[in-house]
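For reference, the structure discussed in these notes is given below.
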Amino acid sequence: MITSKSPGMLLRVLYLFAVLDAACLLDTGMLFPRESSSREVKELNGLWSFRADKSPNRNQGFERAWYKSRLVETGPVIDMPVPASYNDVTQDPTLRDFTGWVWYEREVVVPSRWITDKGTRVVLRVGSAHYNSIVWLNGVKVTEHKGGHLPFEAEIGSLIREDPTMPCRITIAVNNTLNLDTLPPGSIQYLNDPTRYPDGFFVQNYYFDFFNYAGIHRPVLLYTTPKAYVDDITVVTDFLDNTGMVKYEVSVQGAAKATLKVTLMDKDGRCVASSDETSGVLKVADVNLWWPYLMHDNPAYLYSMEVRLMAADARATYEDVYTLPVGIRTVKVTNTQFLINNKPFYFHGVNKHEDSDIRGKGLDWPLIVKDFNLIKWLGANSFRTSHYPYAEEIMQMCDRHGIVVIDECPGVGIKDIRSFGNASLAHHLVVMEELVRRDKNHPSVVMWSVANEPAAEMPPAGYYFKTLIEHTKALDPTRPVTYITDSNYARDKGAPYVDVICVNSYFSWYHDPGHIEVIPIQLNTQFENWYGKYQKPIIQSEYGADAVPGLHSDPPMMFTEEYQNVVLESYHNVFDQKRKQYVIGELIWNFADFMTAQGITRVVGNKKGIFSRQRQPKSAAFILKERYWRLANATGRLPPWAKYPCSL
Ligand code: GCB
């Protein structure tokens with residue numbers, strides 16, 4: 001029962017209930033595996049056996065059922081690290097550029113108590129694998145998943161109990177082939193002219209500008225829960241004056257009836273609110289709000305919500321404990337501002353990629369920590385997960401460090417009209433469900449992006465984006481939704497449905513190359529046109545220029561560090577005029593150089609990074625650093641330690 005003395009508070013509580021009702025469309029949760037007194041986690045990272053199916057139809061693995069025996073018995077295998085892309089770890093160009101099924105295998109020793117205790121669930125979880133995956137345990141298929149950047153899992157307890165003497169052999173087949181209905185889309189083109197191409201020659205085409213790295217990209221692990229367990233938690237937060245509100249809903253599986261104890265604790269582990277209900281509102285007196293870093297002197301404050309479940313059946317009693325970090329904050333959009341905790345927030349940040357030498361898109365802790373150090377060195381307060389969801393471990397870092405995130409799904413390169421069809425849309429809706437389910441509780445996530453630079457002028461784009469954005473809002477009515485456009489403002493059919501206009505433009509690069517003098521007029525026109533038509537706040541979601549590190553010229557020429565500098569500075573002059581009106585952010589393209597498909601406009605990858613791929617600064621990084629700290633001073637409330645960035 002909720003009681004409230006203040007009508008303002010009551011209205012807010014009712015709103016939070018309405019929000020949670022709408023959000024519960026997904027039927028199972030995907031909580032990040034965490035150890036607790038009732039849960040164990042066993043990481044399966046390290047070396048796996050690996051074999052690419054290089055047969056002409058890439059189907060030999062299925063025809064000969066490679067999953068039925070040890071992979072080494074089917075033919076030659078090599079060592080392959082997990083997590084990592086497989087493309088860059090060998091000297092074999094056919095593996096770097098491989099398209100089709102590759103096979104991974106690993107044998108695991110499972111603690112005997114997991115097998116003997118029938119009250120334990122054992123779950124196999126893959127953080128992400130690109131693109132289609134099929135998973136077998138001891139030759140029995142346990143799950144499959146479509147899509148490269150989101151987790152999937154299968155319960156394997158009953159299978160490993162069938163014959164406790166057998167080793168537990170996990171086989172995962174992964175196929176990176178993209179077609180018109182995948183996200184991102186692509187197509188396979190066979191080139192049959194025998195005077196020009198070898199027999200069976202084909203290429204994978206796609207319309208996005210990063211290398212199609214493939215393999216098992218994020219940790220694979222086994223974790224346990226009791227038979228009755230906390231399956232999902234959804235929190236929605238608000239505050240009034242200095243009282244915080246955490247509306248929560250816990251979903252329980254494996255028990256018809258369970259008793260719950262929900263405890264919200266502050267940073268020091270002190271209980272600040274508690275409840276025995278599966279859903280409700282926890283009120284927090286003297287709340288510490290979650291603030292972006294550089295906006296407040298106590299940023300990124302996280303409470304911990306401990307959910308303790310007790311249940312019993314005829315055979316046993318079960319207790320499950322799951323602890324979720326919770327940041328209390330609000331997000332709102334007006335027609336000129338983006339408000340976090342009712343205060344205007346200006347995005348001065350970066351676009352990134354999950355990209356590194358050798359490991360490709362594989363989760364890499366040293367790289368993650370280095371990137372966060374560079375983001376802070378730069379004075380950036382935000383990034384967009386261009387162009388796909390990043391690892392959950394990265395989202396957790398954003399929560400803890402107060403870095404604001406625009407969370408983008410892999411809807412990049414939707415350029416072919418057939419990729420606006422029903423099959424594509426249906427898959428896109430599912431991907432958004434998976435993304436919202438995974439990331440809904442991260443305070444750092446302030447907006448969803450459903451796509452990057454789709455062909456939004458095509459006739460079916462209106463219905464497509466209306467449906468997609470409405471669905472995303474139904475899944476999560478608390479966050480604004482956008483997609484990133486490079487279409488003409490007058491012909492973009494999806495723009496009416498977004499909350500914030502996010503525009504990419506490359507004046508003096510892809511258009512009028514070499515003519516920096518066009519930037520002021522063209523950028524001004526861009527902003528005036530978009531704002532004039534929609535009266536919505538605008539983020540410059542990409543701008544930039546390639547610079548090969550160490551290449552110089554004065555006067556500046558394209559591809560030199562000097563040219564990159566003047567392009568940035570010309571954009572900044574216009575941002576400084578417009579940010580006083582309705583421009584609410586600027587995200588440089590790109591944080592660091594990254595690998596792309598080979599082509600005549602790419603010199604071993606895209607060089608628009610302000611850092612090299614090895615994370616060394618180009619001179620543009622210093623320009624941006626100076627600017628971002630100035631912006632932080634002008635638009636934020638800097639903590640005392642941050643007032644002197646030079647000493648960082
Ligand atoms: C864009 C794309 C991004 C590219 C960038 C470029 O508009 O969104 O994926 O890498 O331009 O450098 O061409």
Side-chain angles (χ1 to χ4, degrees), residues 148-149 178 183-186 205-213 347 349-356 360-361 383-390 406-416 419 449-457 482-489 492 494-495 498 501-514 519 522-523 526 530 538-549 558-561 563-564 567-568 571 585-613 618 620 624:
H149 311 274
L178 302 175
L183 264 197
N205 295 319
Y206 47 78
Y207 309 104
F208 53 86
D209 183 35
F210 52 92
F211 191 77
N212 190 31
Y213 277 118
F347 295 78
V350 299
N351 288 280
K352 288 189 89 269
H353 263 298
E354 281 181 321
D355 176 271
S356 73
K361 282 197 180 359
F383 66 78
R384 167 165 73 116
T385 68
S386 42
H387 297 305
Y388 38 80
Y390 293 178
I406 299 172
D407 202 354
E408 186 156 288
C409 91
V412 55
I414 307 177
K415 300 287 190 194
D416 187 305
S419 295
S449 162
V450 297
N452 178 68
E453 296 189 356
E457 299 173 18
T482 190
Y483 68 84
I484 279 64
T485 186
D486 66 342
S487 298
N488 178 283
Y489 78 99
D492 188 310
V498 302
I501 303 282
C502 289
V503 196
N504 296 348
S505 57
Y506 289 92
F507 305 127
S508 86
W509 190 261
Y510 293 119
H511 312 280
D512 306 300
I519 292 176
Q522 294 192 2
L523 189 54
Q526 166 200 288
W530 279 103
I538 303 177
I539 294 177
Q540 181 76 37
S541 39
E542 284 181 29
Y543 70 104
D546 286 76
V548 178
M558 292 176 77
F559 293 100
T560 64
E561 294 199 25
Y563 194 89
Q564 186 181 38
V567 169
L568 267 49
Y571 266 77
E586 52 187 88
L587 304 176
I588 183 76
W589 190 264
N590 188 284
F591 174 72
D593 293 346
F594 57 90
M595 194 45 68
T596 63
Q598 298 186 60
I600 51 167
T601 58
R602 297 288 176 257
V603 189
V604 193
N606 187 308
K607 294 280 185 285
K608 293 197 185 68
I610 53 164
F611 295 101
S612 67
R613 205 174 180 218
K618 302 180 193 174
L624 222 58

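Numbers here simply count residues along the sequence, with the first being 1. Just so we're clear, the structure is a prediction, and the values are computed from it rather than from any experiment. In listed order, ligands and their atoms are each counted from 1.
A donor-acceptor pair under 3.5 Å is formed between the side chain of Tyr388 and the backbone N or O of Glu354.
In summary, of the residues considered (Thr596, Asn590, Asp593), a side chain to side chain contact (heavy atoms under 4.5 Å, CB included) with Lys607 occurs for Asp593 alone.
Between Glu561 and Lys618 there is no salt bridge, since no side-chain N of the basic residue sits under 4.0 Å from a carboxylate O of the acidic one.
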>> Apply side-chain hydrogen bond (donor to acceptor under 3.5 Å, both in side chains) to residues Asp546 and Tyr506 and explain how you reach the verdict.
In response: CA-CA 11 Å; Asp546 286 76; Tyr506 289 92; over 6 Å; no
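For the pair Tyr207 and Lys415, the tightest heavy-atom approach, listed with the atom from each and the gap, is CB-CG, 3.7 Å.
Residue-level contacts of ligand 1 at the 4.0 Å heavy-atom threshold are Asp209, His387, Asn452, Glu453, Asn504, Tyr506, Tyr510, Glu542, Trp589, Phe594, Arg602, Asn606, Lys608.
Legend: residues meeting side chain to side chain contact (heavy atoms under 4.5 Å, CB included) with Ser356, ordered by chain and number and at least two apart, are Arg359, Asp364, Leu367.
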